[in-house]
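Comments concern the structure below.
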Amino acid sequence: MIEQYKIYCIDKSYLDFNQLIEKSIELLQTNEGIKAIFHRRYKYMLVDEFQDVNKIQIQFIRSILNPKAQLFCVGDDWQSIYGFRGSDVKYIVEFSRFFADSKIFHLNTNYRSIDHIVKASNEVIAHNKYKIEKKIRATRKSKRKIQVYAGTGLEDNVEYVLQEIRELIKKGIGEEDILFLYRRSKMFDPYRIRFKKEKIRINAKTIHAAKGLESRVVFIIGMTEGYGGFPDIWMGDRIFQMIRPVKHEMLLEEERRLFYVAITRAKERLYLISEIGAESSFIREIPESYKVLYSKPLKTGDSQLILCPSCKSSLETGYRFCPYCGSTLES
């Protein structure tokens with residue numbers, strides 16, 4: 001089938017993205033005059049998002065780079081999430097092996113998210129074995145915790161999310177400041193239908209599409225274990241395994257990096273939406289000190305569970321002051 005595709009491209013005079021790079025590499029390796037032109041022209045080379053490079057892109061960098069030129073790469077191995085399209089995290093994790101005499105500088109400060117979100121993301125990614133060891137710190141301090149809601153089903157979860165959106169809007173947070181993320185598009189369908197009915201406009205994206213974005217409030221839905229949830233391991237995808245055989249552990253580590261990307265889109269408030277008895281293992285990897293768990297719908301007049309009006313922490317009745325932020329609670 002691959003040979004047929006190549007023949008088709010030749011017949012049509014087409015080049016896909018990889019073929020463009022392959023032809024460039026071939027030209028640089030076989031034509032000394034062309035290679036000399038590029039080696040004279042470029043004394044410095046910058047590669048951004050280096051965690052997403054693949055084998056052929058590494059070959060291109062080596063071919064076009066003058067041995068005396070300076071190469072500067074920027075990337076984060078914790079955000080390497082494109083293995084399904086050929087990227088390989090080893091090129092950044094083992095950077096010194098592929099580019100000798102290199103120096104590595106760690107940028108360890110997060111200026112976007114509050115500290116509970118940053119600390120939680122550190123704890124989650126720590127479960128990955130194949131990574132560059134570093135500790136990210138936050139500049140923004142807050143006692144607000146990550147809110148985890150485990151409903152009884154999709155309908156329950158949609159109702160909870162709608163309730164939270166209304167409360168957020170009352171607090172002055174605009175709909176444009178709320179971002180919905182999901183592993184696969186079909187996860188959002190029940191929410192889309194209800195939001196349209198309620199005339200709620202939302203910024204909803206797959207996690208892959210949201211890379212590089214940020215928002216004051218982030219909801220991550222579909223946080224359930226098993227098929228159709230998150231993590232979503234492709235071991236059963238025979239076509240994927242034929243193209244790029246990968247062990248289960250490496251696929252799980254990429255899923256965890258994807259979760260890391262998702263939670264670090266949130267600047268102030270983060271919601272993880274799951275189901276009772278099917279909570280994602282990624283939720284369990286967040287220490288209790290950074291999250292608040294709801295296991296039933298919050299309703300007006302509920303005598304067993306209340307919310308702090310300031311930090312939104314879940315509290316049992318009987319508190320006069322919130323133990324998380326110190327705010328006075330209504331009697």
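Only this structure's heavy atoms are used, side chains among them; waters, hydrogens and symmetry mates stay out.
- Under a 3.5 Å cut-off, the side chain of Lys23 and the backbone N or O of Leu20 do not form any donor-acceptor pair.
- Annotation for Arg184 and Tyr182: closest pair O-CD1, 3.3 Å, computed over non-hydrogen atoms.
- Here Glu285 pairs with Arg256 in a salt bridge; the nearest charged N to carboxylate O distance falls below 4.0 Å.
- For Tyr227, there are no side chain to side chain contact (heavy atoms under 4.5 Å, CB included) partners at least two apart in sequence or on another chain.
- Remark: Arg85 is positioned above the aromatic ring of Tyr82, its terminal NZ or CZ atom under 6.0 angstrom from the ring centre and at most 45 degrees off the axis.
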Sequence neighbours excluded and cut-off under 3.5 Å, please list the side-chain donor-acceptor pairs for residues 72-80, or say none.
{"unit_1": "Asp76", "atom_1": "OD1", "unit_2": "Trp78", "atom_2": "N", "d": "3.0"}
{"unit_1": "Asp76", "atom_1": "OD1", "unit_2": "Lys134", "atom_2": "NZ", "d": "3.4"}
{"unit_1": "Asp76", "atom_1": "OD2", "unit_2": "Gln79", "atom_2": "NE2", "d": "3.1"}
{"unit_1": "Asp77", "atom_1": "OD1", "unit_2": "Lys134", "atom_2": "NZ", "d": "2.7"}
{"unit_1": "Asp77", "atom_1": "OD2", "unit_2": "Ile132", "atom_2": "N", "d": "2.8"}
{"unit_1": "Trp78", "atom_1": "NE1", "unit_2": "Ile132", "atom_2": "O", "d": "3.2"}
{"unit_1": "Ser80", "atom_1": "OG", "unit_2": "Gln51", "atom_2": "O", "d": "3.1"}

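- Taking the six-membered ring for Trp and the full ring otherwise, Phe282 and His127 have centroids separated by 6.0 Å or more.
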Side chains of residues 209-219: which donor-acceptor partners sit under 3.5 Å, not counting sequence neighbours?
{"unit_1": "Lys211", "atom_1": "NZ", "unit_2": "Glu49", "atom_2": "OE1", "d": "2.9"}
{"unit_1": "Glu214", "atom_1": "OE1", "unit_2": "Arg112", "atom_2": "NE", "d": "3.0"}
{"unit_1": "Ser215", "atom_1": "OG", "unit_2": "Asp177", "atom_2": "O", "d": "2.7"}
{"unit_1": "Ser215", "atom_1": "OG", "unit_2": "Val217", "atom_2": "O", "d": "3.3"}
{"unit_1": "Arg216", "atom_1": "NE", "unit_2": "Glu268", "atom_2": "OE1", "d": "3.2"}
{"unit_1": "Arg216", "atom_1": "NE", "unit_2": "Glu268", "atom_2": "OE2", "d": "3.3"}
{"unit_1": "Arg216", "atom_1": "NH2", "unit_2": "Glu268", "atom_2": "OE1", "d": "3.3"}

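- In this view, Ser24 and Phe60 satisfy the side chain to side chain contact (heavy atoms under 4.5 Å, CB included) rule, not counting sequence neighbours.
- Ion pairing of Glu198 with Arg166 is present here, as a side-chain N (NZ or NE/NH1/NH2) and a carboxylate O approach within less than 4.0 Å.
- Note that Arg192 lies outside the cation-pi zone of Phe195, set by a 6.0 Å cut-off to the ring centre and a 45° limit from the axis.
- Looking at Ile273 and Met223, their side chains never come closer than 4.5 Å, going by heavy atoms from C-beta outward.
- Take Lys129 and apply the side chain to side chain contact (heavy atoms under 4.5 Å, CB included) test, not counting sequence neighbours, and it matches Glu253.
- In terms of heavy atoms, Ala150 sits closest to Leu293 at CB-CD1, 4.5 Å.
- Using a 4.0 Å cut-off between charged side-chain N and carboxylate O, Arg257 and Glu255 make no salt bridge.
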Pairs of donor and acceptor atoms involving the side chains of residues 9-18, under 3.5 Å and at least two apart or interchain, shall be tabulated with distances.
{"unit_1": "Asp16", "atom_1": "OD1", "unit_2": "Asn18", "atom_2": "N", "d": "3.2"}
{"unit_1": "Asp16", "atom_1": "OD1", "unit_2": "Gln19", "atom_2": "N", "d": "2.7"}
{"unit_1": "Asp16", "atom_1": "OD2", "unit_2": "Tyr5", "atom_2": "OH", "d": "2.7"}

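- Residues Ile146 and Leu272 meet the side-chain proximity criterion, which asks for heavy atoms closer than 4.5 Å.
- Cation-pi geometry between Arg97 and Tyr91 is not satisfied (NZ or CZ under 6.0 Å from the ring centre, within 45° of the ring normal).
- The shortest side-chain heavy-atom distance between Phe180 and Ile221 falls under the 4.5 Å cut-off.
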